[in-house]
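Okay, so here's the structure we're looking at.
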Amino acid sequence: MKILIENIKELVLVEDTQRAYVAGSEMASLSTINNAFLLIDKGKISEYGRMEELFMPTEENKRLKKVDASGKMVFPSFCDSHTHLVYAGSREIEYVDKIKGLSYEEIAKRGGGILNSAKRLHNTSETELIAQALERLEEITWLGTGAVEIKSGYGLTTEDELKMLRVIRKLKELSPLTIKSTFLGAHAVPLEFKGRQGDYVERVINEMIPLVASEELADFIDVFCDKGFFTIEDTERILMAGMKYGLRPKIHANELDYSGGIEVGVKYNALSVDHLEYTGEKQIEVLRGSETMPTVLPGAAFFLGMVHAPVRKMIDAGLPVALASDFNPGSSPSGNMQLILSMGCIQYRMTPEEAIHATTLNSAYAMGVSEEMGSIAIGKKANVFITKPIPSIEFLPYAFGSNKVDTVILNGKIL
Ligand code: NIG
Ligand code: FE
């Protein structure tokens with residue numbers, strides 16, 4: 001059935017001409033329509049415009065499902081291009097240890113960190129992992145997310161990495177959200193390989209990647225290219241191995257240091273480089289003219305009390321920027337994109353217009369779905385949300401911490 005949303009106070013991020021992403025000063029100008037309608041047909045956006053332009057033949061009018069959005073706004077759903085939301089159990093004890101002043105190394109020594117999640121994941125069944133992940137997906141759906149990327153990386157053995165990716169494949173079937181999966185075997189070096197990082201990299205390249213590819217379990221490949229984790233050389237070899245099977249890179253870069261991750265990402269035409277706390281003039285220059293989306297994860301920087309990525313400088317230098325949640329049990333136990341939107345404005349000094357582009361169209365690009373999502377454009381998937389009555393667009397990031405989403409529509413269906 002067709003859905004007509006009418007009397008929309010403001011229809012946000014309308015694109016008559018579709019773009020893959022928005023960069024630099026363009027990010028500050030957001031195209032909207034006041035007093036608008038939006039027509040949805042066969043799961044897609046089929047028409048939009050001003051209410052006075054709406055013309056419906058009587059016959060068709062009768063067959064419509066009408067939604068009145070007086071006082072409310074319609075946004076394209078958020079696209080969350082970086083998460084680790086398949087995990088077993090939470091790690092709040094580490095969080096308390098962190099508050100008490102323990103360093104990341106000390107926490108890891110007590111059995112915490114990524115390896116802690118790997119141990120838990122190993123001891124948890126696929127059914128239980130699916131159940132936990134579905135709850136998280138349900139939560140983010142009602143917070144306005146319509147597409148989400150999910151990484152492996154808490155397996156760290158061939159068997160458990162495949163298990164994680166199969167869980168993600170099952171989620172693609174079960175959830176109305178659009179889901180992309182990323183193989184992140186190189187997330188940490190497991191204990192059995194302590195002192196033999198090279199051997200683990202070999203395992204990733206020679207055993208894991210071919211199996212992941214043969215079962216078509218991943219859309220992308222990721223490496224944690226940073227100080228204390230994987231080197232530039234490791235990263236290059238892993239990315240090349242993945243690219244042989246058509247897996248485009250999306251990498252963790254420059255979170256802990258000037259790791260060279262940004263440079264290596266651009267060199268291998270990564271779809272995105274993510275985190276970016278350590279980004280200087282040189283890295284900004286490298287990103288300019290590339291097809292790689294700089295992606296910032298405000299939740300992790302907030303939760304770990306890190307320095308902030310120089311988002312203002314990036315945008316002012318003409319770069320696009322995407323924002324994502326990094327939803328994971330260790331450094332960002334939240335997938336709330338409305339909060340990410342607020343953080344983008346408050347902590348990174350993005351204007352609401354810039355932050356809205358960063359959490360929708362640009363993050364859609366960063367997960368390879370900007371041709372089908374991320375804006376209100378004819379032919380795009382009808383993944384949108386209707387807000388509660390709100391006074392202005394700016395209110396969305398301003399009123400941080402409360403849920404402003406009223407109605408969720410995914411694949412043209414009202415949930
Ligand atoms: O993106 N930076 C690396 N990995 C995750 C954290 C994973 C964890 O601590 O469990 C991140 O922040
Ligand atoms: Fe991450």
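For ligands, and for the atoms within them, numbers begin at 1 and follow the listed sequence. The figures that follow rest on heavy atoms only: side chains count, while hydrogens, waters and symmetry mates do not.
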Numbering as shown, the atoms of ligand 1 that approach [X] to under 4.0 Å (heavy-atom distance):
X	answer
H187	3 (C), 4 (N), 5 (C), 7 (C)
H82	1 (O)
S331	6 (C), 11 (C), 12 (O)
Y154	7 (C), 8 (C), 10 (O)
D326	1 (O), 11 (C), 12 (O)
I114	7 (C), 8 (C), 9 (O), 10 (O)

Examine the proximity of ligand 1 to Y87 and report which part, side chain or backbone, both or neither, has a heavy atom under 4.0 Å away.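 Under 4.0 Å from ligand 1, Y87 contributes no heavy atoms.
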Does the structure place the NZ or CZ of R237 under 6.0 Å from the centre of the six-membered ring of F230, at an angle of no more than 45° from the ring's axis?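 Geometry flag: not set, cation outside 6.0 Å or 45°.
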Compute both the distance and the angle, then confirm whether R203 meets the cation-pi test with Y200: under 6.0 Å from the six-membered ring centre, within 45 degrees of the axis.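 No.
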Is the shortest distance from a Lys or Arg side-chain nitrogen in [X] or [Y] to a carboxylate oxygen in the other one below 4.0 Å?
X	Y	value
E215	R169	yes
K267	E236	yes
K250	D222	no
E126	K170	no
E285	K282	no

Should S117 be counted as touching ligand 1, given the test is an N or O pair under 3.5 Å?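 N/O-N/O distance under 3.5 Å: no.
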Side-chain contact, heavy-atom cut-off 4.5 Å: F78 with T360?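 Side-chain contact under 4.5 Å: yes.
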NE2 (H252) to the Fe ion (ligand 2) to NE2 (H82): angle, nearest 10 degrees?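 Vertex the Fe ion (ligand 2), arms to NE2 of H252 and NE2 of H82: 90°.
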Angle in degrees, rounded to 10°, that NE2 of H84 and OD1 of D326 form at the Fe ion (ligand 2):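 My answer is 90°, to the nearest 10°.
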For [atom], what is the closest protein heavy atom, and at what distance to 0.1 Å?
atom	result
atom 3 (C) of ligand 1	F224 CE2, 3.3 Å
atom 2 (N) of ligand 1	E255 OE1, 2.8 Å
atom 9 (O) of ligand 1	R91 NH2, 3.0 Å

Has H275 got an N, O or S atom lying less than 2.8 Å from the Fe ion (ligand 2)?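 No.
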Hey, what do you get for CG (L115) to OH (Y154), rounding to the nearest 0.5 Å?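 Separation between the atoms: 11.0 Å.
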